[in-house]
Amino acid sequence: MTYFRHKKGVFKHQKGFARRRVAFVMLLVSALLITAIVASTALRASPPTSAAVTPLNVPTLIDSRTQNGPIVIDIKEGEHAFYPGVKSKTSGYNGGYLGPTIKMYKGESTDISFTNHLDEPTNIHGHGLHVVGKIDGGPQNKILPGETWNVTIPVSQQASTNWYHPHLKGSTAKQVHSGLAGFYLIEDGHSLSLGLPNTYGIDDIPLVIQDRNFVDGKMTPYPAGNMPEDLREDTLVVNGTINPYTMVPKSFVRLRLLNGSNARSYEFYLEGEQPFYKIATEGGLLPSPVEITTLKMAPGERNDIVVDMSVIENQKVLARFLPMSYNGFNAALIPFSESQPVLELRADGSLEALASELPTQLNTITPYLEKDVEVERVFELDDMSINGQQMNMKVINHESKLGQLEKWTIDSGRHPFHMHGTSFLILSMNGNPPAPEDQGWKDTIYPNGTAEILLKFDYEAPEQWPYMYHCHILEHEDMGMMGQFTVK
Ligand code: C2O
Ligand code: CU
Ligand code: CU
């Protein structure tokens, strides 16, 4: 096997703000609009410049292999201190905010028992799981207050970073915002044999990235009454901590990034735009690590990255807040100036250097061939609907056949698109073949235009338990930008 060796001080400084566009023409178009945007930009919190002082919160790990009996998850309201000493009202799985990371293994089954202690219905969707509709946890699958949902998840898919969250029509945005989200990590024999960083919380760190508003350190609850069109807030929150740091060994460190925000997209980068490696997309490892300097992520997307901590004492991961449509009109007006800290990695020489090499071969992806496509579908996202239709629980929008290769053309504009039950490969993004770092298995895509994807479904989803496709801006999903389909 060949490996990437540590690079000694190869720090490329790149023009980080080269994409900033000056659009004086736009300024003339509407003075009113400019005033509004300038005002809203001024209201946003400026990034903290001080060093991180809060240790990163790492969700508890529950490893399915060391469990006796089912994993027990209590869904309940609670409290959480985002800022030390100041408690906010939140919800969580077995805790005040977010939930435990559940590690599962390909070829094994995991039993989980979810009990709803909230005073409203909820449910649990396994985002990224390849499972039948009944286990998938779509809007049909309600857990009423006081009820328990016992589920057995047969894991047949490859190693990947997935997550669980509520999915009831009309309350997904509010419930996720209150803190209901957690990781499902899948490993397999191959992924464990590669020598990738995989010591949980030490050199393999899950990070759920969200944005929240705070008043005097307290999280602003989800707006009551009318749902906002897309809730984008001021302060970056990482695993429920703000501007955190964590100690890591002087070796390669893996960060499993999940954009768990309701509506915000980000561009992640390292301070000084230093290079890092992307090793996985939503559905599994890439064929080999791809060196990049920036990484855009829309709500629902996951990407695993690896940072080389052997040659640097301190590395800051930062996030630029992207405007709603970062290639379009808005992008021209709102500069890419607002960055906030995600995580400060501090190398600790006393920690054992676990992964000092990074394999160059990670995975084999056998591409789908366009000539084998049997069905083509088009999805146009606009006006809070998809193909002109809003989600109707009584309407099945299409029927897919088990094992049939489909080509979906997603004309998504500013909407990140996600479907349940499978992973896809990108055929094209806005007319171009996907970049190397996008040539992996995915279940959520934000082409900012049009994408063509290839996919097939290997599990059944009958009328009672159909799969969903939807915009992953949670407000849009709740307002009906969703459809459902069966697989037989
Ligand atoms: Cu992350 Cu249909 O959901
Ligand atoms: Cu999903
Ligand atoms: Cu949308």
Side-chain angles (χ1 to χ4, degrees), residues 99 122-133 135-141 153 157 160-173 175-177 180-184 208-210 227-232 258-265 282-283 297-302 322-326 328 330 379-387 389-391 393 397 410-424 441-449 455 457 459 461 465-485 487:
T122 187
N123 69 349
I124 306 285
H125 167 55
H127 181 139
L129 297 189
H130 299 186
V131 290
V132 296
I135 300 174
D136 175 73
Q140 277 78 1
N141 205 330
I153 301 174
Q157 69 197 89
S160 46
T161 300
N162 303 290
W163 63 306
Y164 58 98
H165 64 75
H167 212 302
L168 284 190
K169 185 168 178 284
S171 55
T172 299
Q175 292 190 353
V176 172
H177 185 273
L180 296 177
F183 282 95
Y184 280 145
V208 47
I209 319 293
Q210 300 172 309
M227 185 178 287
E229 190 182 314
D230 32 65
L231 188 66
R232 283 170 294 150
L258 157 64
N259 183 347
S261 303
N262 281 38
R264 229 185 237 293
S265 294
E282 283 106 47
M297 287 178 67
E301 285 191 301
R302 289 92 61 210
L322 295 179
M324 205 65 202
S325 172
Y326 47 74
N330 283 340
F379 299 85
E380 281 177 32
L381 287 78
D382 202 6
D383 282 339
M384 295 303 150
S385 38
I386 300 179
N387 293 339
Q389 287 179 283
Q390 290 213 320
M391 170 75 171
M393 297 278 285
N397 297 86
I410 298 148
D411 187 356
S412 85
R414 65 195 177 102
H415 307 278
F417 184 84
H418 164 59
M419 87 289 302
H420 293 196
T422 195
S423 304
F424 59 79
W441 296 106
K442 288 178 62 63
D443 56 54
T444 309
I445 189 165
Y446 192 21
N448 240 305
L455 70 174
F457 296 90
Y459 300 92
W465 312 110
Y467 289 140
M468 304 294 130
Y469 56 81
H470 58 92
C471 172
H472 217 288
I473 290 176
L474 301 182
E475 285 76 22
H476 296 186
E477 175 186 337
D478 275 342
M479 283 187 266
M481 212 168 199
M482 177 155 67
Q484 47 186 2
F485 61 105
V487 178

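As the structure lists them, so they are numbered: ligands from 1, and atoms in each ligand from 1.
- Summarising the geometry of R414 relative to D230, their closest heavy-atom pair is NH1-OD2, 3.6 Å, with the distance given to 0.1 Å.
- Judged by distance alone, the side chain of N387 and the main-chain N or O of E380 form a donor-acceptor pair under 3.5 Å.
- Taking backbone and side-chain atoms together, H165 has an N/O/S atom less than 2.8 Å away from atom 1 (Cu) of ligand 1.
- The atom of H476 nearest to the Cu ion (ligand 3) is ND1, with the search restricted to N, O or S atoms.
- Residue contacts to the Cu ion (ligand 2): H167 brings no N, O or S atom closer than 2.8 Å.
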Begin with the C-alpha distance, continue with both residues' side-chain angles, and end with the deciding distance and a verdict on ring pair (Phe, Tyr, Trp, His ring centres under 6.0 Å) for H470 and H476. CA-CA 8 Å; H470 58 92; H476 296 186; over 10 Å; no

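- The minimum distance between the Cu ion (ligand 3) and any N, O or S atom of H415 involves atom ND1.
- Judged purely by distance below 3.5 Å, without hydrogens or angles, the side chains of T444 and H127 pair a donor atom with an acceptor atom.
- For H127, the nearest N, O or S atom to atom 1 (Cu) of ligand 1 falls under 2.8 Å.
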Does the ring pair (Phe, Tyr, Trp, His ring centres under 6.0 Å) test come out yes or no for W163 and H472, once each step is laid out? CA-CA 13 Å; W163 63 306; H472 217 288; 5.7 Å; yes

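- With a cut-off of 2.8 Å, atom 1 (Cu) of ligand 1 has an N, O or S atom of H472 in range.
- The aromatic rings of Y184 and Y164 are tilted relative to each other, their planes meeting at an angle between 30° and 60°.
- Look at H125 and the Cu ion (ligand 2): an N/O/S atom of the residue is under 2.8 Å from the metal.
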